[in-house]
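One structure is given below, encoded as structure tokens.
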Amino acid sequence: MKIWVDADACPVVIKDILFRAAERTKLELTLVSNQPIRIPRSPQINFLRVSSGFDVADNEIVRRMSSGDLVITGDIPLAADAIEKGGQALSPRGELYTVNNIKARLGMRDFMDTLRSSGVDTGGPPSLNHNDRQAFANQLDKILTRQGKR
């Protein structure tokens with residue numbers, strides 16, 4: 001299993017959790033972004049810079065990932081593509097996207113997008129808090145334990 005991170009929108013605190021997990025488990029971690037990102041010097045941690053553009057990073061992650069890989073993203077369509085390719089997807093808030101819940105998440109995303117485009121202020125997501133960070137760390141730990149990489 002490799003871990004892929006949609007790094008443009010991934011909070012720093014989540015990246016730090018992932019850096020520590022990659023070091024501890026010796027799993028390959030690749031952050032994909034169209035902006036430079038500081039990463040620790042480590043044989044397990046890689047950075048892949050892609051060109052700017054709509055879904056360029058997402059498309060590159062899907063192109064490079066393999067079945068069984070883990071994608072860290074808050075982007076629902078990217079999560080759906082990762083699942084379709086046989087991977088797993090985990091949000092920075094600790095929500096594990098699955099074949100059982102991804103269609104509902106896509107439907108809600110499309111509904112909210114329709115509301116926003118018709119002028120309704122839906123607000124943004126709340127700031128990442130301690131509970132979110134803990135949920136992410138716990139869910140990541142469960143995934144790594146299932147892989148035998150705790």
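Throughout, numbering of the chain's residues begins at 1 and tracks the sequence.
- Closest of all the heavy-atom pairs between Gly86 and Ser67 is O-OG, 3.4 Å.
- Under a 3.5 Å cut-off, the side chain of Lys85 and the backbone N or O of Arg63 do form a donor-acceptor pair.
- The side chain to side chain donor-acceptor pair (under 3.5 Å) test applied to Arg64 returns Glu60, not counting sequence neighbours.
- Expressed to the nearest 0.5 Å, how far CG of Leu96 lies from CG of Asn101 amounts to 7.0 Å.
- The main-chain N or O of Asp8 is never found under 3.5 Å from a side-chain atom of Asn34 such that the two would form a donor-acceptor pair.
- With hydrophobic clusters built from ILVMFWY side chains whose heavy atoms lie under 4.5 angstrom apart, Leu18 shares a cluster with Leu31.
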Solution key, residues 50-58 side-chain donor-acceptor pairs under 3.5 Å, sequence neighbours excluded:
none

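- Across all non-hydrogen atoms, the minimal contact from Pro92 to Phe136 is O-CB, 3.5 Å.
- Between the CG atom of Leu144 and the CD atom of Gln139 there is a distance of 10.5 Å, given to the nearest 0.5 Å.
- Residues forming a side chain to side chain donor-acceptor pair (under 3.5 Å) with Asn59 (at least two apart in sequence, or on another chain): none.
- No chain of hydrophobic side-chain contacts below 4.5 Å, direct or via other Ile, Leu, Val, Met, Phe, Trp or Tyr residues, connects Ile61 to Ile37.
- Checked against side chain to side chain donor-acceptor pair (under 3.5 Å), Ser42 has the following partners two or more places apart in sequence or in another chain: Glu23, Gln44.
- The cluster map of Ile, Leu, Val, Met, Phe, Trp and Tyr, joined by side-chain heavy atoms under 4.5 Å apart, puts Met65 and Phe47 in different clusters.
- The nearest pair of heavy atoms linking Cys10 to Ile14 is SG-CG2, 3.7 Å.
- In terms of heavy atoms, Ala79 sits closest to Thr73 at N-CG2, 4.0 Å.
- Connection of Ile39 to Leu48 is not established within any shared hydrophobic cluster, with ILVMFWY side chains joined at heavy-atom distances below 4.5 Å, either directly or through further cluster members.
- The same ILVMFWY cluster, assembled from side-chain heavy atoms under 4.5 Å apart, contains both Leu128 and Phe19.
- Qualifying side chain to side chain contact (heavy atoms under 4.5 Å, CB included) partners for Glu84, counting only residues two or more places apart in sequence or in other chains: none.
- With rounding to the nearest 0.5 angstrom, the CG atom of Leu140 is 11.5 Å from the NZ atom of Lys142.
- Atom NZ of Lys2 sits about 11.5 Å away from atom CG of Leu29, to the nearest 0.5 Å.
- Under the side chain to side chain donor-acceptor pair (under 3.5 Å) criterion, Asp132 pairs with Arg93, sequence neighbours left out.
- Note that CD of Gln88 is 15.0 Å distant from CH2 of Trp4, once rounded to the nearest 0.5 Å.
- Counting only heavy atoms from C-beta outward, the side chains of Ile76 and Tyr97 approach each other to under 4.5 Å.
- Contact between Ala89 and Leu70 at its shortest, heavy atoms only, is N-CD1, 4.2 Å.
- Atoms CD1 and CD1, from Ile72 and Ile143 in turn, are 6.5 Å apart once rounded to the nearest 0.5 Å.
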